[in-house]
Amino acid sequence: MKGKSLKEERENGEEKVSLKGVRGAGALLAAAALFSGAPLFGQAPKSAPTPSGVAQPSNIDLTLTGATGARRPLAIPMTIAPISPDLQSRGVDPFYTTLSDDLAGSGVFVVADPALYPKAMRPPRNREEGDAWKATSAQFLLDTHLAPDGGNVVVEAMLWDLGMLKPILSKKYSGELRAVRRIAHTLASDLVRQFTGRPGPFLTKIAFSSDRERVAGKHVVKEIFTMDFDGDNQRRITYSNTLSLAPDWSPDGTKLVYQSYEKDTPGLWLIGKDGTDKRQIPVPTQLNASPSFSPDGKTVAFCGSVKGNTEIFTVQTDGSNLKRLTENAAIDSTPRWSPNGRELAFTSNRQGTPQIFMMDLEGANVRRVSLAGNWNDEAAFSPDGGRLAFACRNEGDFQICVMDLATGRTVQISSGTGANEGPTWSPDGSKIAWEVQRGDSTQIVVGNADGGGTARIVTSSGNNFSPSWIKTLE
Amino acid sequence: MKQSLKVVSLTVVALAFVAACSSKPKATPPPAPTPAPVSTPTVVTVEPPAPTPQPTPRVDADDITRKSLSEISSYLKPAFFDYDKADIRTDARDVLAANAAWLKKYAGVQFTIEGHTDERGTAQYNLALGDRRANAAKDYLTSLGVDASRIKTVSYGKERPFATGHDEDSWQKNRRAHFVVTAK
């Protein structure tokens, strides 16, 4: 395996996965192929929507900045392991692919081209060998070894600083063979922590709504699913046999709130992350869309309808203390709780086109936040509350914009054709997942919050909507 | 034209009346309804029974008691909307007026108005917009005298489109208040 490029490894991975019929990295590549022909995301700088009909304040800079600097160039040579086709296919390949994908998408590292790696010389024993690695542009080398240990596998990893020519991090993990992807995620998370002081988001989950259970000729049915952030481990949570939409994780990551058309009329529902303890939040309102958990987990904000007018409400999870926050003849929808728990962002067309507003929990101090573009919607606060991601549109398709709330500076992190909607932040604030519709296919993609790198499609079965990233890191 | 339609209806009612009054169980199934009355002269002989001036049976081709809910639903035409709007258009007024007239004749009919949108807005906003449309149609019907207690509304936003294309033709078909009869 040594000497093969990362691309070849991935192709091998795809072959293996498709043969076994398992979801995973292969599914990602297959999904990417569906969209081939169209440019992918976030590569070239691209101008964001220009304002129309709204005066553009001078402090809004609508250009994509791309990757921020200070990414560490890292070489990740193939994991060394005893020669065994079975161990290779079930252990080494998924471990190596997962590790490489995590680190390449981390925003912390840039992975040096594996085609340039020297043979052997690991760890580098002298300056000459170190320089051979540095010639690949790498400043760091991640040396990994995987070996069977009884029924388990043991992974040893050492991160070398090629300038100082010494190891700066040494880690050892052990677990079942089928858990090698989890070991890779854990190692990647630890490596990110080494440089940023906080773990990477590689062990986190995303909930979403999917129509994959749809029966031809029948009404569209959508159910709630969860998956690892990279699309692995997809699991069905609801069996509603109707529309179940727009999940949002509780702050502690133990349950989800979502909208479902069970009992014919749409209502607010809670369900445990494993599908247990399903119950309805009783509310007298209609519609009951777009639920959002408060940061303390006690209250849910949602879009309710009273006599044909949609307003923002809050209610305790037991149905008590229903409060109406907006009172406006226009459409008010899609509330999102700010991380400090003191404000809500929401969408309203009270000034003409749908735009994002904020208000406090009394419904007071309403102010418009999105200023450019003719449709801004589905706001999501970054975990630190400093930025707002949302679906933005002027002409053409919805894109994903990220606004710095202090300065108003806005960047567009998606590009290309297709409607991009429903952004959600990873709990460390480094990534954003959203849904993109291309033709008849809607899938969930994960990209970096700063727009750098390439966003990856992580779903492929049916159509997949409304991602909600879990809010806890570990 | 109206006159001749009425004649046709009377014939159907007359035939139905005869069939209903026939007490003997028949060995053979009744003949399939003839496509059109062939013997117009018999119509002239049909007269309301003189001694009992009770309300005459409703003279209508749509005998809904024999029809499925989905068939009856199809009598109620959808009201279409402009992009990102929930205002009742001129053409929708005519449609809703016709629906209201029909609904007033069949006071037992209960129904749901579904609000739908095209795919261009976001999913969450479209749920609100669909709710608006369903309620706008409901309000218009009640303004025409249809009892609000017969009407339920539900929004499907862009979740259950009628046309799946990605062009204005499909989008217009999906921007609608759609009627579903739930009881008759």
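Nothing here was measured: the structure is a model prediction, and the numbers come from that model. Naming convention: chains lettered A, B, ... in sequence-line order (proteins, then strands); numbering from 1 in each chain.
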Can you say whether A:A419 sits under 4.5 Å from chain B via the side chain, the backbone, both, or neither, judging by heavy atoms?
neither
Side chain, backbone, both or neither: which part of A:T347 has an atom under 4.5 Å from a heavy atom of chain B?
side chain
Enter the distance from A:D264:CG to B:T112:OG1 here, rounded to the nearest 0.5 Å.
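Rounded to the nearest 0.5 Å, the CG-OG1 separation comes out at 8.0 Å.
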Mind ranking A:H219, A:Q259, A:Q286 by heavy-atom pairs under 4.5 Å with chain B and telling me who comes out on top?
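That would be A:H219.
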Name the member of A:T265, A:N309, A:D397 that forms the most heavy-atom pairs with chain B at distances under 4.5 Å.
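Ranked by heavy-atom pairs under 4.5 Å with chain B, first place is A:N309.
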Tell me whether the count of non-hydrogen atoms from other residues, nucleotides or ligands lying under 6.0 Å of NZ in B:K184 goes above 12.
yes
If you apply the rule side-chain contact (heavy atoms from CB on, under 4.5 Å), what do you find for B:E159 with A:V220, and how did you get there?
CA-CA 7 Å; B:E159 303 298 327; A:V220 175; 5.8 Å; no
Can A:S290 and B:Q124 be said to form a side chain to side chain donor-acceptor pair (under 3.5 Å), step by step?
CA-CA 6 Å; A:S290 319; B:Q124 299 305 307; 2.5 Å; yes
When you look at A:T334 and B:T122, which way does the side-chain contact (heavy atoms from CB on, under 4.5 Å) test go after all the steps?
CA-CA 10 Å; A:T334 326; B:T122 63; 5.5 Å; no
Looking just at side-chain N and O atoms, do A:T310 and B:D131 make a donor-acceptor pair shorter than 3.5 Å?
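On atom types as modelled, these side chains do not qualify, holding no pair under 3.5 Å.
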B:L127/A:C303 under side-chain contact (heavy atoms from CB on, under 4.5 Å): CA gap, chis, key distance, verdict
CA-CA 9 Å; B:L127 286 168; A:C303 171; over 6 Å; no
Between A:Y261 and B:Y156, what is the ring plane arrangement, given parallel below 30°, perpendicular above 60°, and tilted in between?
parallel
Top residue by heavy-atom pair count (under 4.5 Å) with chain A, among B:K138, B:R133, B:K152, B:R120?
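The answer is B:R120.
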Do you know which of B:A123, B:S155, B:G115, B:G121 has the most heavy-atom pairs under 4.5 Å to chain A?
B:G121
Are any non-hydrogen side-chain atoms of B:R132 and A:I331 less than 4.5 angstrom apart?
yes
Could you tell me whether the side chain of B:N135 reaches within less than 4.5 Å of the side chain of A:K307, counting heavy atoms only?
no
Test side-chain contact (heavy atoms from CB on, under 4.5 Å) applied to A:L243 and B:R160, step by step
CA-CA 9 Å; A:L243 292 171; B:R160 286 185 171 167; 4.0 Å; yes
